[in-house]
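Notes for the one structure printed next.
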Protein chains: 2
Amino acid sequence: MVSRVRSFNRTVTQRAGALNDAFLSRDRPLGQARLLWEIGPDGSDVRRLRARLDLDSGYLSRLLRALENAGLVIVEPSGADGRVRTVRLSAAGLAERAVLDQRSDEAAAAVLGPLTPCQRARLVQAMAETERLLTASAVEVAERDPRHPDARFCLQAYFGEIGRRFDGGFDPARSLISDDEMTPPAGLFLVASLHGEPVGCGGIRFRTGAPAYIKRMWVSPAVRGLGLGRRLLAELEARAVARHAPAVQLETNRTLSEAITMYRSAGYQEVAPFNDEPYAHHWFEKAQGDNWREG
Amino acid sequence: MVSRVRSFNRTVTQRAGALNDAFLSRDRPLGQARLLWEIGPDGSDVRRLRARLDLDSGYLSRLLRALENAGLVIVEPSGADGRVRTVRLSAAGLAERAVLDQRSDEAAAAVLGPLTPCQRARLVQAMAETERLLTASAVEVAERDPRHPDARFCLQAYFGEIGRRFDGGFDPARSLISDDEMTPPAGLFLVASLHGEPVGCGGIRFRTGAPAYIKRMWVSPAVRGLGLGRRLLAELEARAVARHAPAVQLETNRTLSEAITMYRSAGYQEVAPFNDEPYAHHWFEKAQGDNWREG
DNA sequence: TGCATTCTCTGACTATAGTCAGGCAATCGC
DNA sequence: GCGATTGCCTGACTATAGTCAGAGAATGCA
């Protein structure tokens, strides 16, 4: 399998690499073109760009100056924070970006060009599958403090979403778990990131000799269908096993049907309510060790 | 479809680009590492390397010198031609290349790592399909004189192959077509290339008011299954149409079963022998205009 | 044999990518 | 209010990639 992946890398970097460079190298250096592209039609904060492109602040500053001198971008102080600066494309910058866009379209069309319609359809489908799975593999899962900005972002997104989905809304204050309980050694909190941006989370609380308790499982809509929920769950379960938890418990709301399906297919069995979580309709449990009788 | 291709390019250059760079950038500059890799365990002519990597001769010379000074390669005069020099890896160079190889393996394994076995299988399959079709799309077809080195290469390969496959061998001298007949204006010859290397060919001879005659269709074993035979055939037919040929004819040997299948599925109908080609067992014809009655 | 070509190498360049240290202003936290 | 931090900028670097012109030796061709 590894050799297949390598062979793919080789072919694709030859082909797509050529594409990418061609689309960028108009008459402008690649770095500038990439930046121009990344700024986007709606503009962006300089620090966002720095994080996204992973550039040295000095280098980015210089690139921006070059684009500014070329009349392609306008750099202004951001309203809220006087230190932050925002960049947006000027009319000329937008035009330039449109050209890049068109070149990119043409390059992509040139890939499809020599193929028969049937081959094209198959290629596009295979590309979509490859892309989805490569994206899934690019997601990184790491332990984080629940108070970490990335964790907070996920939790806010989670609360926002269930607030919209639960029949009577959702009030985090009524919840049965606190940040402290998902912080070592009482428990832990996992955040999944894609290209540095948080896209999913899940927390667990350990109780000596008793089932571990999973809470706050969330996957960003942007990456759903990549198996991330299952992966987070597996990672949490692995940590429960490492802590000798005999089983893992969780509960969920009836409106979260995908989650319920996922829990069932991951081996969770519905059990009688083991707590009085006000928003729960289903309680699940999965044995982890040999020392737990099926409930 | 174009946007799907672009999205793929974006994702994959991020991911595979990182891969490729990571695998190369050990402590050596990327250009040197790529060269080290490309020299391969069996060594290579300098001019081959220059063609394959598409490098400036001065630049390549300098890269070789750097590798030589580092004790990784040995550059010697080639035996046959005093101008040409050959490069081979020293023991240290082989070791270095093995390290690159291993890094590359590790990088590929890291892609598969976060996925479930099922996802891995799907990814590998989708990658293989994408690679096959991207390769197919990278093949370029161009008119060439049959005496051009690339054309000669294909013809030699073709003669060699049918010499092995035909029951009683094959003698090109007994063939019914000459180079002149596949040269404009009498006819033309197409050569398919992949990354500059010839991988297929096909010739056609025109006869005013009579069917055009296709000959010397060959596809390198390395690229079989990519639809290149069909593509060459379609290109030849298009040129026959442009020359107002009412139909296209060809004949083939019974041992070339894949070719026979391909001709049939491309719309060719078997007809009575229209010539006395000594090596033929099947004669095919396909109408191109409206002014040709089915044979 | 003589002339053009091929192959490799050297020297002299340029441009891009990227790093590092430090400075200045705005903001945050106590 | 004050110190630490953040965000952006400038200056001074280095290294890599790549180009261009030309030299010198070997070879091919007439």
Side-chain angles (χ1 to χ4, degrees), chain A residues 13 17-18 20-39 43-70 73-88 147-149 152, chain B residues 13 17-18 20-39 43-70 73-88 147 149:
Chain A
T13 46
N20 238 30
D21 290 355
F23 121 66
L24 291 166
S25 70
R26 193 165 130 73
D27 44 353
R28 201 164 305 291
L30 190 138
Q32 286 181 32
R34 195 160 45 191
L35 179 55
L36 190 65
W37 181 265
E38 205 66 36
I39 289 169
S44 173
D45 285 353
V46 170
R47 66 172 162 186
R48 267 189 100 82
L49 291 171
R50 200 169 49 233
R52 209 151 14 139
L53 293 171
D54 192 31
L55 294 176
D56 174 85
S57 68
Y59 184 31
L60 175 56
S61 179
R62 226 175 304 275
L63 287 174
L64 281 174
R65 195 102 344 166
L67 291 176
E68 201 174 25
N69 289 338
V73 306
I74 298 158
V75 183
E76 307 165 306
S78 171
D81 187 332
R83 295 166 302 182
V84 176
R85 308 195 72 188
T86 44
V87 200
R88 59 188 175 85
R147 284 163 291 255
H148 184 283
R152 289 252 75 87
Chain B
T13 46
N20 238 31
D21 290 355
F23 122 65
L24 290 167
S25 71
R26 191 167 130 73
D27 43 352
R28 201 163 304 292
L30 191 137
Q32 286 182 31
R34 194 159 45 193
L35 179 56
L36 190 65
W37 182 264
E38 205 67 36
I39 289 169
S44 172
D45 286 353
V46 170
R47 66 172 163 187
R48 265 190 102 81
L49 291 172
R50 200 168 50 234
R52 211 153 9 139
L53 293 170
D54 192 32
L55 294 176
D56 175 84
S57 67
Y59 184 32
L60 175 55
S61 180
R62 225 176 303 276
L63 288 175
L64 281 175
R65 196 102 348 186
L67 291 177
E68 201 174 25
N69 289 338
V73 306
I74 297 158
V75 183
E76 307 163 307
S78 170
D81 187 332
R83 297 166 300 183
V84 176
R85 308 193 74 189
T86 44
V87 201
R88 60 188 175 83
R147 283 164 291 257

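Order of the sequence lines sets the chain letters (A, B, ...), proteins ahead of strands, with each chain counted from 1.
With D:dG18, C:dG18, C:dT8 as the candidates, the nucleotide lying closest to the side chain of A:R34 is C:dG18. Candidate nucleotides D:dG7, C:dT8, D:dC9 were compared by shortest atom distance to the side chain of A:L64, and D:dC9 ranks first. For A:R62, the listed nucleotide lying nearest its side chain is C:dT19; candidates were D:dC9, C:dC9, C:dT19. Looking at the side chain of A:R83, the nearest of the listed nucleotides C:dC28, C:dC7, D:dT27 is C:dC28. Taking only side-chain atoms of B:L30, from C-beta outward, the nucleotide of C:dC7, D:dA17, D:dC9 with the closest atom is D:dA17. The side chain of B:D56 approaches D:dT19 more closely than any other nucleotide in the set D:dT19, C:dT8, D:dC8. Distances were taken from every side-chain heavy atom of B:R65 (C-beta onward) to each of C:dC9, C:dT8, D:dC8; the shortest belongs to C:dC9. Listed candidates were D:dT10, C:dT10, C:dG18. Nearest to the side chain of A:S61 is D:dT10. Checked against C:dT19, D:dC8, C:dT27, the side chain of A:D81 finds its nearest nucleotide in C:dT27.
Side-chain N or O atoms of A:R65 include one that pairs as donor or acceptor with a backbone N or O of A:S61 at under 3.5 Å. Distance alone, capped at 3.5 Å, is enough to place a donor-acceptor pair between the B:T86 side chain and the B:E76 backbone. No donor-acceptor pair closer than 3.5 Å links the side chain of B:D45 to the backbone N or O of B:R47.
Rounded to whole angstrom, the span from the CG atom of B:L53 across to the P atom of D:dT19 amounts to 13 Å. Distance CG (A:D45) to P (D:dT6): 16 Å, rounded to an integer number of Å. Taking atom CG of residue B:L60 and atom P of nucleotide C:dC7, one finds them 13 Å apart after rounding to whole Å. Between the C1' atom of C:dC9 and the CG atom of B:L63 lies a distance of 13 Å, rounded to the nearest Å.
In terms of position on DNA chain D, the residue among B:G82 and B:G58 whose nearest nucleotide sits closer to the 5' end is B:G58.
The shortest distance between the side-chain N/O atoms of B:R85 and the OP1/OP2 oxygens of C:dC7 is not below 4.0 Å.
Note on B:G31: only backbone sugar-phosphate atoms sit closer than 4.0 angstrom, heavy atoms only; bases stay farther off.
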